[in-house]
2 protein chains.
Amino acid sequence: MRAQKALVALTERPVVSNVRWPKRFEDTMNLKQLSEKLGLSQTTVSRALNGYPEVSEETRLRVAEAARRHNYRPNMRARGLATGRAMAIGHVIPLSAKFAIVNPIFADFIAGAGEIYARSGYDMVLSIVNESEEARVYGEMKSKGNVDGVIVHSPRHDDPRIAQLGDIGLPFLVHGRSSGCALPYAWLDVNNRHAFERAAGFLLDLGHRRMALLNGPEEMDFAIRRRSGYAAALTAAGLVPDPELMLCDEMTEAFGHRAAADLLAAPEPPTAFLVASMLIAIGVRRAIEERGLRFGRDVSVVTFDDDLSYLSNLDAVPVFTAMRSSVREAGRRAAAMLLRMIAEPGIGLPSQLLEAELVVGQSTGPAPRG
Amino acid sequence: MRAQKALVALTERPVVSNVRWPKRFEDTMNLKQLSEKLGLSQTTVSRALNGYPEVSEETRLRVAEAARRHNYRPNMRARGLATGRAMAIGHVIPLSAKFAIVNPIFADFIAGAGEIYARSGYDMVLSIVNESEEARVYGEMKSKGNVDGVIVHSPRHDDPRIAQLGDIGLPFLVHGRSSGCALPYAWLDVNNRHAFERAAGFLLDLGHRRMALLNGPEEMDFAIRRRSGYAAALTAAGLVPDPELMLCDEMTEAFGHRAAADLLAAPEPPTAFLVASMLIAIGVRRAIEERGLRFGRDVSVVTFDDDLSYLSNLDAVPVFTAMRSSVREAGRRAAAMLLRMIAEPGIGLPSQLLEAELVVGQSTGPAPRG
DNA sequence: TTGTCAATCCAAAGCGCTTTCAAATCGGCC
DNA sequence: GGCCGATTTGAAAGCGCTTTGGATTGACAA
């Protein structure tokens, strides 16, 4: 249909350097048509559909019925233009500059947020973008006006984006926090520090004294907090955190394997690993078994578990002992918070701290006596 | 929803029966302001910025400069309303009804597609939605007019969505194919059949005769094709595919582990596994090693490798022998194809078949003589 | 001088929707 | 009947942008 029209246009004008697009919205019913069919004004129909009180229940029903029958749905661009609201939330997902890695937790976070958006009639617009370009993208989102707010992912220490977004004047909520950032902002985070303190404490209670930390990249705020939790637990137990045992890198299976293999081959190998993601943990398990050690007996592993849908650790007795916190649920909550901020400006800057839950699985046991 | 909003308003402000939203686009420069600053008409400024020829090079420069200085960017809703184009592509990502699993390949596919969109000034709008609701969402996208086209993910056998989208009249491209679907449609797919035929052939050449297939869910079209490739290779070698050795399920590490553990414990265990994803392969490796068998010696594994960024298998000698095809590259190409379909209607329905590449890693070796 | 033509520019009419402001209608009551 | 207040409806003015159909130049040839 559309194809034909444009084709005609192209053949009509000989060699135009610029295509002029057809203007009409072809076949979708619009407000005018609907109101004509009903013998009502656009005003009334609009009001009826949007639930304004000035229209009688009878006509409201007539209108609703007709709208359904003709499969009418208001054009969002027009509505947005009229209301000044885009009915969409932006997610800017950074591509790690070094590795071009998309953190797999995004899929689940976004699945959670998407649930809420769908329920509230919002769309989600996604930009996947190099770290360096994020600021530009936020600015564009504001000036293009295609979102009403954004969720900021993967905050780093003293993240400049927070100040930028403040200037820009676009409502935003940070998934995570940015320590060192002076300005107030809305956020939702899991208590990473406490989770790792707790996990380390659990391993200490089992008698482990040499405990490795395989952390995510330490420019990430969450990684910093996790390390500090780990260190706090050791210190509280009278131990001195050994820098040799604290590694950080992209959270991949390969990293887990390599790091664990190296550490286990060292003169004084750790008896336990505390790691930042299931993928790392899987790599660690491989290194343990490759070395002929028994996973969960000779060497214990505790992981942070984002409860990703395709990496489930949910059996009756989970494979991995883990600090678990569903990132999908985090997505839901973050989305709900941001929508609320938009719907009720003036409610201030909400924040929410989720606690991870310790689930004991087969990957931990008492430290072997040595 | 709206009802709720109104309710909230009622409790907040005393007597107002309805919230009327503020109309003005607060602080972002608009075309009118910019043209006034320049002493030109909106027409001229618009044309200058959009590269139409009717404006002198001199004023074009002036305009461009001013636009940059004032950080002007056209409001997409208004532009969309005027042009009838949304400058956005929709991705509807199905949530497996049974497991609520988000296939992890989406993250990378979308990263690839996003690159192209960004480069072309398009946005990506994402809906994550239960399988059952997909059709509705496509219809909404059309009538809401917030996308110019969609990419269809995870096609199943004779997928009804293809016919629906045809009716709806929204340009679309399928990532994958839907065998059994009579209608023509645009698609991009990897040659799954050939990839698995090739991989099975490779294992046959190594002397493997009992070869298990751990496949994805067989309502998925790609899984069907993979099985048929596997079966074809066996048949060509004079073997009869053994149903006992062909399993399918969600592509998780847990499935790989469970299935491989079961099969290896059976009276006539396979000497090789052909599996549908890296995660499955990782599970298989675990089962092999748990059983005290040597991975890549006693038991061989070939996997399909989507080259996901966080599951890299790219070492000089890869861990897994794999049929590799980058899903991120697929995302790039799919996006480019769809954009082209939209920009040049009348080019028909393009399609592209990618070939996976065989990379030989450490997970395969000659069949043990027994 | 006049007409022609190309090169520039502009006023104004949309795009589909919301919302203001005013008008019409209705019931009830004097 | 006439008037008032409450209830329903509509006409029209935007929202910010593109694009049509002129208008206005200046250069140049007739």
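Every chain is numbered from 1 and lettered A, B, ... according to where its sequence line falls, protein lines coming before strand lines. Quick caveat, the model's predicted, so the values are computed rather than measured. Computation of the quantities below employed the complete heavy-atom set of this structure, encompassing side-chain atoms and omitting hydrogens, waters and symmetry-equivalent molecules.
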>> For a salt bridge (Lys or Arg N to Asp or Glu O under 4.0 Å) check, start with the C-alpha distance between B:Glu134 and B:Arg156, then their side-chain angles and the critical distance, and finish with the verdict.
In response: CA-CA 13 Å; B:Glu134 276 195 71; B:Arg156 302 181 245 306; 3.4 Å; yes
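Between the P atom of C:dT18 and the CG atom of B:Leu81 lies a distance of 12 Å, rounded to the nearest Å. Separating the OH atom of A:Tyr52 from the P atom of D:dT7 is a distance of 19 Å, rounded to the nearest angstrom.
Distance from the side chain of B:Pro74 is smallest to D:dC17 among D:dC17, D:dG14, C:dT19. For A:Thr83, whose side chain is taken as the heavy atoms from C-beta onward, the closest listed nucleotide among C:dT19, D:dT18, D:dG16 is C:dT19. Minimum atom distance to the side chain of A:Asn50 is reached by C:dT18, of the listed C:dC9, C:dT19, C:dT18. Set against C:dC15, C:dC17, D:dT19, the side chain of A:Arg79 has C:dC17 as its closest nucleotide.
The side chain to side chain donor-acceptor pair (under 3.5 Å) check on B:Arg79 picks up B:Asn50, with sequence neighbours excluded. For B:Glu36, the side-chain contact (heavy atoms from CB on, under 4.5 Å) partners are B:Lys32, not counting sequence neighbours. Partners of B:Asp148 according to the side-chain contact (heavy atoms from CB on, under 4.5 Å) rule, which considers only residues two or more places apart in sequence or in another chain, are B:Arg85, B:Ala86, B:Tyr122, B:Ile342. Looking at residues two or more places apart in sequence or on another chain, you find a ring-ring contact (aromatic ring centres under 6.0 Å, His included) between B:Tyr117 and B:His91. For A:Glu57, the salt bridge (charged side-chain N to carboxylate O under 4.0 Å, His left out) partners two or more places apart in sequence, or in a different chain, are A:Arg60. Applying the side-chain contact (heavy atoms from CB on, under 4.5 Å) criterion to B:Arg340, with sequence neighbours excluded, gives B:Glu344, B:Ile347.
Sorted by residue number, the members of residues 35-46 of chain A with any non-hydrogen atom under 4.0 Å from DNA chain C read A:Gln42, A:Thr43, A:Ser46. Remark: nothing in residues 56-64 of chain B comes within less than 4.0 Å of DNA chain D through any heavy atom.
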Between side-chain atoms of residues 164-173 of chain A and protein atoms elsewhere (two or more places apart, or another chain), which donor-acceptor pairs fall under 3.5 Å?
none

